[in-house]
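Chain naming here is simple, since letters A, B, ... match the order of the sequence lines and numbering starts at 1 in each.
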There are 2 protein chains.
Amino acid sequence: MTKETQKISQKVIPRLSRYYRILFEYSGRDMISSKELSDITGYTAAQVRKDLAYFGQFGCPGRGYNTVDLKNSIRKILGLDRTWNVALIGVGNLGMALLGYKGFKEQGFEIVAAFDTDPGKVGSSINNVEVFQTEKMCRVMTQKKIDIAVLTVPREAAQGMAEEAIRCGAKAILNFAPINLKLPDSVKVRNIDMSIEIENLSFLISRQ
Amino acid sequence: MTKETQKISQKVIPRLSRYYRILFEYSGRDMISSKELSDITGYTAAQVRKDLAYFGQFGCPGRGYNTVDLKNSIRKILGLDRTWNVALIGVGNLGMALLGYKGFKEQGFEIVAAFDTDPGKVGSSINNVEVFQTEKMCRVMTQKKIDIAVLTVPREAAQGMAEEAIRCGAKAILNFAPINLKLPDSVKVRNIDMSIEIENLSFLISRQ
DNA sequence: TAGATTGTTAATCGATTAACAATC
DNA sequence: TAGATTGTTAATCGATTAACAATC
């Protein structure tokens, strides 16, 4: 199997994101070794090297990885060498918070439109992002060249809104609704399910 | 290895949470089979049976699982048969949104105190939750018998606030800060890292 | 009874780790 | 050069799936 067709495990990508962040803190340094990345992240050094080796030969035997080069390489791998246009669907508590979330913008994810069914919200602007009615989704999303939809609607509305977002051109969905979206395989979905995470904690505490 | 000492993979628990949710929708039904749970969740039927079998024999060969009994069993396993006292540390955009998040309360996670360093926020109440200064953390958390801390502070403050929360009696932390907290192994931690999730999507779209 | 479906064991699959030749 | 550290292969570990006897 060649490098090009080799399947990359989904598990590698979050680790790449972590290496990438660490490299920002270490950009004053010239080189960093897999051993150091191991100490910081808690992954083994072998795993660090293997993760990076999926994508090319970035290191220098005996010396480690050049921090600036590796950072730039990972940036390209993760697709962070460009801006992504993001639409927020559902301007409730959580959606509102995400409009002000700096972590997205810092990495090039720009929320350029928001949608809600509430007429009281439609037409307003939050953090310089205009709220449109959901009926206008396709027109607005096409015009603003949306790549990713962030879904922060109630559970009951999530499947429908997800389908609509895809129909209107979104290629990926970051889903905060506690539901398993059924969408074509070509659509990329990541779920953030806060209840499931906190339930994990209650499980762990309970059985101590 | 007996059932009692058998190590349960961390991966099983989020799946249990999903079965649990599905059982609410199916509580009108008498029985549900692993095949049906498989169809709904996308996990294999064998996995569903194995996940449940870690914790006991809940099924009935030839008939499936009694929906009400299984729901109650999973509730106990996940520690959802009681109320958990939660403290919110960091009342920014995201923290504010979580104070209004219904998904926690529905499962028995009650946010009973919030903390912030901003004097403009201290003393106010949001969604009937009082905001205290962080200096009062130990006094308030002891008095309110806090089990879990939800950490929504900026990255720079996260490690310090996490340590303080543990010192003040929290047994688990739900961490939204984009940082790998270094805490004793006895402390249970789950991380929700929204930037890492959206970066996963940009990676996937980029390489299509 | 015959059909359905469990719980569990064995087989498979995939991911992590160890080891080491290559090389800076 | 000697020491350090990579990239990669082989070994190990753990999780998932298949298969099926038990049983409702």
Side-chain angles (χ1 to χ4, degrees), chain A residues 1-19 22-23 26 29-71 73-74 77 200 203, chain B residues 1-19 22-23 26 29-71 73-74 77 200 203:
Chain A
M1 204 181 239
T2 66
K3 268 270 139 59
E4 285 67 32
T5 56
Q6 185 175 173
K7 178 156 193 317
I8 284 140
S9 164
Q10 192 61 190
K11 305 204 150 140
V12 177
I13 312 310
R15 290 198 295 262
L16 281 190
S17 281
R18 291 198 52 205
Y19 306 144
I22 290 161
L23 290 166
Y26 282 71
R29 291 264 303 277
D30 186 33
M31 307 293 283
I32 193 166
S33 68
S34 60
K35 174 67 168 56
E36 287 172 295
L37 284 167
S38 166
D39 289 341
I40 301 163
T41 59
Y43 311 138
T44 63
Q47 176 139 78
V48 173
R49 292 200 297 279
K50 200 156 217 279
D51 285 346
L52 298 174
Y54 279 115
F55 301 97
Q57 305 201 155
F58 304 114
C60 172
R63 313 220 303 119
Y65 300 87
N66 179 286
T67 54
V68 174
D69 290 350
L70 185 58
K71 187 172 64 177
S73 297
I74 298 182
I77 294 164
N200 207 299
F203 166 81
Chain B
M1 202 182 242
T2 66
K3 266 274 138 61
E4 285 67 32
T5 56
Q6 186 176 173
K7 182 160 187 318
I8 283 141
S9 164
Q10 192 61 190
K11 303 204 152 145
V12 177
I13 312 310
R15 290 196 295 260
L16 281 190
S17 281
R18 292 199 49 205
Y19 305 144
I22 290 161
L23 290 166
Y26 282 73
R29 291 264 303 274
D30 186 32
M31 307 294 283
I32 193 166
S33 69
S34 60
K35 175 64 168 57
E36 287 172 295
L37 284 167
S38 165
D39 290 341
I40 301 163
T41 59
Y43 311 138
T44 63
Q47 176 139 78
V48 173
R49 293 200 297 277
K50 199 155 217 278
D51 285 346
L52 298 174
Y54 279 115
F55 301 96
Q57 306 201 155
F58 304 113
C60 174
R63 313 222 301 122
Y65 301 88
N66 180 285
T67 55
V68 174
D69 290 351
L70 185 58
K71 186 172 64 178
S73 297
I74 298 182
I77 294 165
N200 207 297
F203 166 81

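Atom C1' of nucleotide D/dA4 and atom CD1 of A/I32 are separated by 15 Å, given to the nearest angstrom. Atom pair B/N66:CG and D/dC24:P shows a separation of 15 Å (rounding to whole Å applied). Rounded to an integer number of Å, the gap from A/R63 CZ to D/dG7 P is 13 Å. Computed from coordinates, the B/D30 CG to C/dT5 C1' distance equals 15 Å when rounded to whole Å. Regarding A/F55, its CZ atom lies at a distance of 16 Å from the C1' atom of D/dT8, rounded to whole Å. Distance CG (A/D69) to C1' (D/dT6): 15 Å, rounded to an integer number of Å. Separating the CG atom of B/L37 from the C1' atom of C/dT5 is a distance of 13 Å, rounded to the nearest angstrom. We find that CZ of B/F58 is positioned 14 Å from P of C/dT6, with the value rounded to whole Å.
Put simply, A/S34 has a side-chain N or O that comes within less than 4.0 Å of OP1 or OP2 on D/dT6. Of the side-chain N and O atoms in A/R15, one or more sit less than 4.0 angstrom from OP1 or OP2 of C/dT16. Dashed line: the shortest gap from a side-chain N or O of B/Q10 to OP1 or OP2 of D/dA15 is not under 4.0 Å.
Crowding of B/R63 atom CZ: a count of heavy atoms from other residues, nucleotides or ligands under 6.0 Å not exceeding 12. Heavy atoms from other residues, nucleotides or ligands lying under 6.0 Å from OH of A/Y26 number 12 at most.
Under a 3.5 Å cut-off, the side chain of B/S38 and the backbone N or O of B/S34 do not form any donor-acceptor pair.
When the nucleotides D/dT8, D/dT6, C/dT6 are ranked by their closest atom to the side chain of B/Y65, C/dT6 comes out on top. Nearest nucleotide to the B/S33 side chain, out of C/dA22, C/dT6, D/dT8: C/dT6.
Side chains of A/Y19 and A/L70 form no contact here, defined as non-hydrogen atoms less than 4.5 Å apart. Using a 4.5 Å heavy-atom threshold, the side chains of B/V68 and B/L23 count as separate.
The line from CG of B/L37 to CG of B/D39 is 9.0 Å long, rounded to the nearest 0.5 Å. Of the inter-residue distances, the one linking A/K7 atom NZ with A/Y54 atom OH reads 9.5 Å to the nearest 0.5 angstrom.
With a cut-off of 3.5 Å on both Watson-Crick or G-U wobble distances, the partner of D/dA22 is given as C/dT5. Across all strands shown, C/dA10 forms a Watson-Crick or G-U wobble pair, both distances under 3.5 Å, with D/dT17.
Remark on DNA chain C: of its neighbouring residues B/E36 and A/S9, the 5'-side contact belongs to B/E36, judged by nearest-heavy-atom nucleotide.
Near DNA chain C, meaning a heavy atom under 4.0 Å from it, residues 43-52 of chain A has A/T44, A/A46, A/Q47, A/R49, A/K50 in order of number.
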